[in-house]
Every structure is written in C-alpha cells, then in structure tokens.
Amino acid sequence: MKQSLIIDCDPGVDDATGLLTAFASNAFDLLAVTTVGGNVSAEKTARNARILRQIAGRKDVPVFVGAARPLRREPAGAGEFHGAEGLGDLEPFEPSAPAGEGTSAEAIAGLVMERPAGSVALAVMGPMTNLALALRAEPRLAAHLGPVVVMGGARSEGGNITASAEFNIWADPEAAAEVFASGCRMIVMGLDVTHQVRATEERIAAIEALPTTSAKASAAMLRFSQRIERVIVGWDAGPLHDPCTVAWLLKPELFELKPCRIAVETESELTRGHTAVEFRVEAATANHFWATRADADGVFALITENLGHASGGMGA
Ligand code: BDR
Ligand code: CA
C-alpha cells in the first residue's frame with residue numbers, strides 16, 4: 001500500500017531534489033505540497049513548488065500557500081544559498097496551474113483529520129510555522145498524524161546559521177518548540193546526519209546523466225549548490241539536507257536513529273533555535289528520534305533511481 005504523504009517545504013534548491021524525488025516515486029500517495037516562507041518569501045516558495053510540480057508533470061498534487069512569517073520573528077531568508085528566486089540558476093516562470101484554496105496549515109489539518117489516524121506522514125523541509133499553526137487550530141492533530149519527518153536541528157556538528165543552530169529551527173524557533181512539545185512522533189534529520197550525505201561530483205554527474213526532465217532540473221540545482229558551497233563554506237561537496245526526509249520514508253534502513261526528547265531554545269539570542277537532544281529517555285515511550293548515521297551511497301542511489309524513472313514533463 002502507498003504511504004499517504006504531505007510535504008511541507010520552502011523550495012529551496014535542496015527542497016527541490018526532495019520534492020522531485022517524491023513526485024517521481026510510486027511509493028507515495030502524495031496528498032499535497034504545503035509551502036512556507038523560509039529560504040525565500042512565501043509567495044516565491046509557493047510559486048517554486050508549482051514550477052517543480054509542472055516540471056515533474058504532477059498537476060494532480062495540490063500546492064498550498066503557507067505562512068509568510070514566523071510566529072514571532074522577522075522573516076529571515078537564505079537567498080545566498082538558494083539564489084534570489086530560490087531555485088538556483090533556474091529561471092522562474094509563471095506555472096500554468098494555480099495554488100490550492102486555503103492555507104497550508106488548513107490543508108495539513110484538513111487532509112490529515114479526514115483520514116484514518118496514523119495514516120498520513122508529513123515531511124517538513126522548512127521552518128515549522130505551518131505545522132505549529134495547524135496544531136494550534138486542531139488540537140487532535142498531533143495524535144492523528146503519522147510520522148513527522150523533519151529536516152532541522154543541530155547537535156554535535158554545530159549549526160549552519162549560528163554556532164549552535166540550524167536554519168529551519170532558527171528561522172522559527174517558537175514554532176519548532178511548539179511542534180516538538182506537541183506529542184507528534186518525530187523523526188529528525190539534523191545536520192549531524194545531513195552532513196554525512198554529500199553531493200560529490202560523481203553523485204551529481206550520475207543524476208545529470210539521466211534523461212528525465214526532473215533529473216536535469218535536480219542536477220542543475222545540485223550544481224548551483226556545489227558552486228555556492230565551495231565559495232561560501234569552502235566545502236568541495238555540499239550536504240544534501242531536505243531529501244533525507246523523503247529517503248527515510250522510502251527506505252528507513254538507510255538511517256540509524258536514537259530515541260530522545262528534543263527541546264528548542266527560544267529565550268537566548270546567542271543560542272536561539274538550538275536543539276537540545278536528551279538521549280536519557282525511556283526508549284519504549286520516546287516519540288522523538290534523532291538520526292545519527294546515514295548511508296550516503298544508499299541515499300543517492302535511491303534519489304538517482306527515482307529521478308531516473310520520473311515520467312513527467314513540462315507540459316503535463
Ligand atoms: C535547511 O535550510 C534550508 O536553507 C535548506 O533548504 C534546508 O531545509 C538546511 O539547514
Ligand atoms: Ca528547506
């Protein structure tokens with residue numbers, strides 16, 4: 001049976017590879033893509049998700065527009081890593097299909113609550129504002145959701161936006177704190193694991209060589225990141241963050257997880273958005289799981305395989 005899935009994201013060059021992989025996979029019943037302001041504005045992330053949907057030929061999947069700003073903070077943005085429009089070098093265009101009616105938060109709550117408890121997974125690839133708003137509006141949601149697979153958080157690797165915080169959690173720490181405290185079952189792909197999944201020259205070239213439109217688009221964004229990471233961070237091969245969520249849903253055995261309890265720093269400006277990961281918990285009752293190891297070859301093989309059989313096209 002296919003896994004029902006909602007993807008909440010802020011594309012974003014790495015969100016794009018995650019989305020294109022999920023669009024191409026036949027393991028998912030993709031109920032919706034919900035977008036949020038993050039890497040670029042909410043308007044642009046929604047447009048970008050609609051562009052990617054069109055590239056993948058998946059107009060059957062609704063795209064919703066989400067929160068334009070974090071719960072309490074000013075919108076930040078990470079255009080330096082994603083390009084001013086959010087999709088690297090890809091020239092944005094006005095997609096032919098519109099966004100769905102209603103907000104991302106409404107779509108998440110509505111689509112989950114009308115299905116059996118535990119049946120819908122949520123992959124979160126951006127700040128957690130939409131999910132926090134959905135949980136506020138529908139208190140039964142936490143118990144009704146299936147696994148929430150999050151890209152976010154920093155522990156032993158340190159942060160990527162400050163010394164101690166990762167961008168998605170830092171951008172809206174209050175939202176992340178509410179979601180982690182909500183009782184949702186959460187699988188967390190922090191920097192400790194995404195830094196193990198590197199887009200090496202060989203891995204990008206393998207995707208670039210595929211004949212599909214989705215693979216070509218993904219490879220173009222991986223190339224953009226490769227260039228930017230070399231200039232800004234000095235890394236030869238940059239980490240591939242967001243697709244780890246989709247990879248876990250497709251093949252959880254590629255990751256090692258540790259049961260834990262995660263809390264988010266919201267008071268200190270110095271450590272704003274730090275994820276405090278407590279491993280001294282009862283494994284049997286834990287509902288947070290911190291990813292500690294990834295099989296990077298396996299993750300890239302999975303992405304490459306799925307992008308290789310993507311059937312879409314710009315016109316579809
Ligand atoms: C996360 O931040 C964003 O810039 C990326 O899209 C990813 O979701 C990595 O810290
Ligand atoms: Ca993202």
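Both counts, for ligands and for their atoms, begin at 1 and track the order of listing.
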Undergrad: Please state which protein non-hydrogen atom is closest to atom 6 (O) of ligand 1 and give its distance, to 0.1 Å?
TA: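 Here the closest protein heavy atom is Asp14 OD1, 2.5 Å.
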Undergrad: Salt bridge or not for Asp295 and Lys251, using N-O below 4.0 Å?
TA: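 No, this pair does not count.
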Undergrad: In a check of side-chain contact (heavy atoms from CB on, under 4.5 Å) between Ile7 and each of Asp15, Leu30, Leu249, Thr245, which one passes?
TA: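 Exactly one pass, corresponding to Leu30.
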Undergrad: Would you mind telling me if ligand 1 is within reach of the side chain of Asp15, the backbone, both or neither, using heavy atoms under 4.0 Å?
TA: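 Answer for Asp15: side chain.
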Undergrad: Please determine whether a side-chain nitrogen of the Lys or Arg among Asp297 and Arg203 lies less than 4.0 Å from a carboxylate oxygen of the Asp or Glu.
TA: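 The answer is yes: the pair qualifies as a salt bridge.
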Undergrad: Using a 4.0 Å heavy-atom cut-off, say whether Val13 meets ligand 1 through its side chain, its backbone, both or neither.
TA: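 None of Val13 does.
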Undergrad: Please evaluate residues Thr275 and Glu166 with respect to the criterion side-chain hydrogen bond (donor to acceptor under 3.5 Å, both in side chains), reporting the C-alpha separation (whole Å), side-chain torsions for both, the decisive distance (0.1 Å), and the verdict.
TA: CA-CA 9 Å; Thr275 37; Glu166 178 280 330; over 6 Å; no
Undergrad: Could you check whether His241 and Thr194, counting side-chain N and O atoms only, form a donor-acceptor pair closer than 3.5 Å?
TA: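 A pair is found: one side chain offers a donor N or O, the other an acceptor, under 3.5 Å apart.
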Undergrad: Can you find an N/O atom of Ala78 closer than 3.5 Å to an N/O atom of ligand 1?
TA: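 Between Ala78 and ligand 1 (N or O atoms, distance only) the closest approach is not under 3.5 Å.
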Undergrad: In Å, rounded to the nearest 0.5 Å, how long is the span from NZ of Lys44 to CG of Asn39?
TA: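 The CG atom of Asn39 is 12.0 Å from NZ of Lys44, to the nearest 0.5 Å.
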Undergrad: Any side-chain donor-acceptor pair under 3.5 Å between Asn306 and Thr21?
TA: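 Note: Asn306 and Thr21 side chains miss the donor-acceptor criterion.
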Undergrad: Tell me which protein heavy atom sits closest to atom 1 (C) of ligand 1, plus the residue, atom name and distance to 0.1 Å.
TA: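 Of every protein heavy atom, Glu166 OE2, 3.2 Å lies nearest to atom 1 (C) of ligand 1.
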Undergrad: Tell me whether Asp10 has any N or O atom under 3.5 angstrom from an N or O of ligand 1.
TA: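 In this structure, Asp10 places no N or O atom under 3.5 Å from an N or O of ligand 1.
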Undergrad: Could you tell me whether His82 approaches ligand 1 through its side chain, its backbone, both or neither, with non-hydrogen atoms closer than 4.0 Å?
TA: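 Within the 4.0 Å criterion, His82 contacts ligand 1 through side-chain atoms alone.
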Undergrad: Hey, what do you get for CD (Gln196) to CG (Leu240), rounding to the nearest 0.5 Å?
TA: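 Separation between the atoms: 13.0 Å.
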Undergrad: Any idea which atoms of ligand 1 are less than 4.0 Å away from a heavy-atom of Met151?
TA: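 Under 4.0 Å from Met151, ligand 1 has these atoms: 1 (C), 7 (C), 8 (O), 9 (C).
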Undergrad: Please check whether Asp242 reaches ligand 1 - meaning an N/O of the residue sits under 3.5 Å from an N/O of the ligand, judged on distance alone.
TA: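 Yes; at least one N/O pair falls below 3.5 Å.
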Undergrad: Can you see which heavy atom on His144 is nearest to which on Val112, and at what distance?
TA: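 In terms of heavy atoms, the two residues are closest at CD2-O, 3.2 Å.
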Undergrad: Taking atom types as modelled, is there a side-chain donor on Asp8 or Thr34 under 3.5 Å from an acceptor on the other?
TA: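 The criterion, which ignores hydrogens and geometry beyond distance, is satisfied for Thr34 and Asp8.
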Undergrad: Suppose we measure from atom 4 (O) of ligand 1 to each protein heavy atom; which comes out shortest, and what is that distance?
TA: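 I find the closest protein heavy atom is Asn39 OD1, 2.6 Å.
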Undergrad: Which of the atoms in ligand 1, numbered in the order shown and given with their element, are less than 4.0 Å from a heavy-atom of Asn160?
TA: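 Once the distances to Asn160 are compared, the set is 9 (C), 10 (O).
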Undergrad: Quick check for you: within a radius under 3.0 Å, how many protein N, O or S atoms neighbour the Ca ion (ligand 2)?
TA: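 There are 5 of them.
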Undergrad: Tell me the closest heavy-atom pair linking Gly83 and Val40, and the distance in Å.
TA: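 Between these two residues, the closest heavy atoms are O-CG1, 4.0 Å.
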Undergrad: Please list, in number order, the atoms of ligand 1 under 4.0 Å from a heavy atom of Phe167.
TA: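 Numbered from 1, ligand 1 contributes 2 (O), 3 (C), 4 (O), 10 (O).
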Undergrad: When you check the gap from the basic side-chain N to the acidic O, do Arg73 and Glu269 get nearer than 4.0 Å?
TA: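 Between Glu269 and Arg73 there is a salt bridge, with a charged N closer than 4.0 Å to a carboxylate O.
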